[in-house]
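First up is the structure itself, then whatever we jot down about it.
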Amino acid sequence: MSADRWRLIAISALISVLGLSVDAQELPPASARLQLERDRLDQTVWAPEQLAQRYEASITSLWDRLRGAASAVDVLHSIQCDQWILPKEEASTMLGMGIGKKAFNFARPQTLNRASFVSFVSGFADKGYRLVASEFHHTSFTPDSKEEATSSTVGFMLHLQSSDRRLAVDGVARVTWSGGPGGKEIRASEIAVEQLKVLESPLRNGFLKAATFERRENEFQSAHPILVNDLDHDGDPEIIIPRWNRRYDNQLATEKPKLVDSAFLDHWKPQEECGLLADLNLDGQIDYITMVKNEGLTVYDGAALGRFPTPGRVIFTHQHLLAPMALTAGDIDADGDLDLFLSQYKPSYVGGQMPTPFYDANDGFPSFMLRNDGGRFVDVTTECGLGKKRNRRTYSASLVDLDRDGDLDLSVVSDYAGVDVYSNNGSGRFVDTSAALNSNRLFGMAQSVADYNGDGWLDLLAIGMSSSTARRLDNLRLGPESRKDYQENRAAMGYGNRLYLGGKKGLLQSPFNEQIARTGWSWGVSSFDFDNDGRRDLYISNGFRSGKSAKDYCSHYWTQDIYSGGSKENAALVPVFAKSMLALNLGQISWNGFEHNHLKWNLGSGSFADVAFLFGASFEYDARVAITEDFDGDGREDLLVSEYLFVGRGFQSKLHLYLNRSDLATEPNDWIAFKLLPSAGQAILGAVVTIETSNGTQTHPLIAGDGFLSQDAFTAHFGLGKRAEVTKATIRWPGGRTLDLKLPQKNRVHSIRAEALE
């Protein structure tokens, strides 16, 4: 069960068990004492934040009204502001694909009174624009003092659309408040836009929904994990939802496009949210490995046409194998077979415990490195050097050759900790090299490995939560003296995504990290080349929990929850947490709600632009999994995104397939792809595909562990741009054998088996 479900389903159940209601005041004596201490800190240490929350209420009200308004213009007109300071628009720069980036002069801004601002907003409506979506984030607050008036900085995002254009607006405004908190109305003496980015594009085809997969009666609420693989080797990847025992055979490239629903396993049993497709016994057929509930780690042996006709067999059990999450495979000791790494996730809140310390927690259920000894899997976690941090609360892990020395290293991304990287000495012994990453703290959810800067080295992107609340508290310099370490690590943990660039000196934090850091509460990620220009783009799914109002629970988390609990369960805290989260569990408020997905278009030289809205892929629902793959065989990579919807006492999953119909240009970019097929005696996971072109070299690793609770197909897809020639492609298989293909044909998929080496 994933962490967000654990946290909130458990707390929701507590509401019923404890008989709490919205007006509940009484708590058991021990709980009441804890609640009084939280209240005392709110009135003392956190008093400036409490004031910030009262001012924020008017910002939240604006956002709520905009989301539900028939006319956003009327809502914007209602803002009570004496003076607006806006930068002057200058000439635009064309970025490609018809996308223009507007330039602004901040040195000589224009000043508008309220009437002028009303006219300014009405001008967009007169041009046919309507507001499609918005976000507002209260990033800093300055209380009234002798030096300056009460003010806030607010990050904002506006998506506007007309009959033929789209505008993606992103900026920061400073609000100088007028008088005390205005309740539901913004009352300001001045609003000055201090940062502004505007992208403009023709209204075009982008990512168009082709299918939605929903839960049926008596199926698990969660659809995770989601797997993609060409099980029947017909050239088209299947979509597999193991917990629903569904396999969708892909016939989208036929004259009558369709996805055919069939059973995945002939002898299905209830299973956890971890799953892996790999040829575990190296017989040339893809097997399925999962954790069967109340039994253990189980393998279902594959057969012809990607079928699984026999019952599963348990390959590993352990008394502390309680909540498996990430499962990855690779040959760690160069003996020719696949070993397994299995992590677990221990949820916070449950039992009245919180990960401690919240920035370096190592107090969860253990992870396991399982060495394959002739089909018998042995726990070698401690002896291979991974014992010290094995109790992370881990969401994602990959076995991948990060240092290009021919063996598989291990990257682990954990909630309440961040990134841990271990270098393999070639024989399955690992050395912790995480300290070299500089800052590696984040609420880690997922990872992706790709060459983002085109230098031939694999880079590592860790996905996490960016928090405007954490930034606001740092700006106010708030926190109890007893936990200075929490304040010292708050900025790092709330920073967001972290990109580490590979090179001869190892992984180093990217100098252009800011371009992709703050995407919201991010979960899934996929690196792909959606426009086939030869640079790796990013799709990032966002949003935790959206309720009726955008009012955010996040302040409670940062000011109360992380300070209240410890690693050990505390029954007295259970009703305190339940009471605190009551409005959230009743669906009245949100926790990082209404955050939109990002499509980070790689412009080269460390520059990325979020073009999700311009291509119809920004989706406001709370999203989790993000997978990219060319499902319909047209050479353009498509999107598979899971939605998490809170319904009463838990989440339900939906899965959406969006086909890439982007009309990028009259002359589309070229591409080439390589599909690796299973062969007896040769593993696929751990292989690396490299192409050499007239525009440079590109590299793609075949790994499990990219993304969030998902697995990509065994396909390496490369965009080539226009008129680039592919001079050579090299497949380096696990074990070191290589296959060179001279002048492979572009704009087609090349299916490769290891037998080609013989």
Side-chain angles (χ1 to χ4, degrees), residues 95-97 207 398 400-402 404 411 446-463 497-503 507-517 519 522 524-541 597-612 615 617 626-630 635-640 660 662 664 669-674 687-693 695-703 705-708 710 712-722 724 726 729 746:
L95 302 179
M97 296 190 290
F207 289 89
S398 291
V400 56
D401 186 4
L402 293 169
R404 297 204 313 197
S411 59
Q447 61 182 301
S448 188
V449 179
D451 180 8
Y452 299 106
N453 58 353
D455 65 353
W457 289 85
L458 290 177
D459 310 315
L460 173 64
L461 173 65
I463 291 294
N497 311 321
R498 295 192 182 275
L499 175 61
Y500 305 96
L501 300 181
L507 292 168
L508 300 175
Q509 187 151 293
S510 166
F512 51 85
N513 206 124
E514 291 286 336
Q515 296 277 331
I516 55 177
T519 51
S522 300
V525 59
S526 186
S527 301
F528 71 134
D529 188 354
F530 88 97
D531 58 342
N532 285 328
D533 67 351
R535 293 186 289 264
R536 306 302 288 179
D537 310 305
L538 288 166
Y539 191 79
I540 301 173
S541 59
N597 294 356
H598 287 239
L599 172 54
K600 295 290 189 180
W601 181 29
N602 189 343
L603 301 173
S605 301
S607 181
F608 289 80
D610 181 17
V611 296
F615 286 89
I627 298 176
T628 53
E629 176 71 19
D630 182 5
R636 294 174 292 188
E637 292 182 273
D638 310 303
L639 285 175
L640 194 60
N660 187 346
S662 305
L664 304 175
N669 290 328
D670 294 321
W671 58 277
I672 192 169
F674 300 87
V688 178
V689 182
T690 302
I691 63 170
E692 298 177 15
T693 79
N695 290 336
T697 300
Q698 295 188 53
T699 300
H700 187 107
L702 276 296
I703 60 177
D706 254 18
F708 176 80
S710 60
D712 296 329
F714 299 149
T715 306
H717 182 108
F718 302 95
L720 301 174
K722 292 181 173 62
V726 183
K746 59 187 180 182

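Atom-to-atom distance recorded for Asn532:CG and Phe718:CZ is 12.0 Å, nearest 0.5 angstrom. Here the CZ-CG distance, from Phe528 to Asn660, works out to 7.0 Å after rounding to the nearest 0.5 Å. Between atom OG1 of residue Thr699 and atom CZ of residue Arg404 there is a gap of 7.5 Å, rounded to the nearest 0.5 Å. The CG atom of Leu599 sits 8.5 Å away from the CG atom of Leu538 when rounded to the nearest 0.5 Å. Atom CD1 of residue Ile540 and atom OG of residue Ser522 lie 5.5 Å apart, to the nearest 0.5 angstrom. Between atom NZ of residue Lys600 and atom CZ of residue Phe608 there is a gap of 9.0 Å, rounded to the nearest 0.5 Å.
Judged by distance alone, the side chain of Thr693 and the main-chain N or O of Asn695 form a donor-acceptor pair under 3.5 Å. Side-chain atoms of Asn669 come within 3.5 Å of backbone atoms of Asp531 as a donor-acceptor pair (strictly under, hydrogens ignored). In this structure a side-chain-to-backbone donor-acceptor pair under 3.5 Å is missing from Gln509 to Arg498. Using a distance-only test at 3.5 Å, with no hydrogens or angles considered, no donor-acceptor pair links the side chain of Glu629 to the main chain of Thr715. A donor-acceptor pair is defined here as one N or O able to donate and one able to accept, closer than 3.5 Å; such a pair exists between the side chain of Asp459 and the backbone of Gly502. For the pair Asn497 (side chain) and Ile516 (backbone), a donor-acceptor distance under 3.5 Å is present. Looking at Asp451, its side chain does come within 3.5 Å of a backbone N or O of Gly456 through a donor-acceptor pair. Remark: side-chain polar atoms of Asn453 are not paired, donor with acceptor, to backbone N or O of Leu501 under 3.5 angstrom. Side-chain atoms of Gln447 come within 3.5 Å of backbone atoms of Ser411 as a donor-acceptor pair (strictly under, hydrogens ignored).
Looking only at side-chain heavy atoms (C-beta outward), Met97 and Trp601 come within less than 4.5 Å of each other. Counting heavy atoms from C-beta on, the side chains of Leu460 and Leu458 never come closer than 4.5 Å. Leu702 is not listed as a side-chain neighbour of Phe674, based on a closest heavy-atom distance of 4.5 Å or more. By the 4.5 Å heavy-atom criterion applied to side chains, Asp706 and Ser448 are counted as neighbours. The closest side-chain heavy-atom distance from Asp638 to Thr628 is not below 4.5 Å. Under the 4.5 Å side-chain criterion, counting only non-hydrogen atoms from C-beta, Leu402 is in contact with Val449. Here the side chains of Ile691 and Leu720 are in contact, with some heavy-atom distance below 4.5 Å.
The minimum heavy-atom distance linking Gly524 with Ala626 is given by the pair C-CB, 4.1 Å. When every heavy atom of Ala617 is checked against every heavy atom of Phe207, the shortest pair comes out as CB-CD1, 3.9 Å. Here the closest heavy-atom approach between residue Asp630 and residue Gly635 is recorded as OD2-N, 2.8 Å. For the residue pair Ala446 and Gly707, the shortest heavy atom distance occurs at CB-O, 3.4 Å.
Applying the ring-ring contact (aromatic ring centres under 6.0 Å, His included) rule to His717 yields the partners Trp671; only residues at least two apart in sequence or on another chain are considered. Listed by chain and number, the residues in a side-chain hydrogen bond (donor to acceptor under 3.5 Å, both in side chains) with Asp401 are Arg732 (sequence neighbours excluded). By the side-chain hydrogen bond (donor to acceptor under 3.5 Å, both in side chains) test, Asn602 pairs with no residue at all, sequence neighbours left out. In this view, Lys746 and Asp670, Glu725 satisfy the salt bridge (Lys or Arg N to Asp or Glu O under 4.0 Å) rule, not counting sequence neighbours. Residues satisfying the side-chain hydrogen bond (donor to acceptor under 3.5 Å, both in side chains) criterion with Ser541, sequence neighbours excluded, are absent altogether.
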- Verify side chain to side chain contact (heavy atoms under 4.5 Å, CB included) between Leu499 and Tyr452, making sure each step is shown before the conclusion. CA-CA 9 Å; Leu499 175 61; Tyr452 299 106; 3.5 Å; yes

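In this structure, the ring of Tyr539 has its center no less than 6.0 angstrom from the ring center of Phe530.
The salt bridge (charged side-chain N to carboxylate O under 4.0 Å, His left out) contacts involving residues 532-541 comprise Asp533-Arg535, where partners must be two or more places apart or lie in separate chains.
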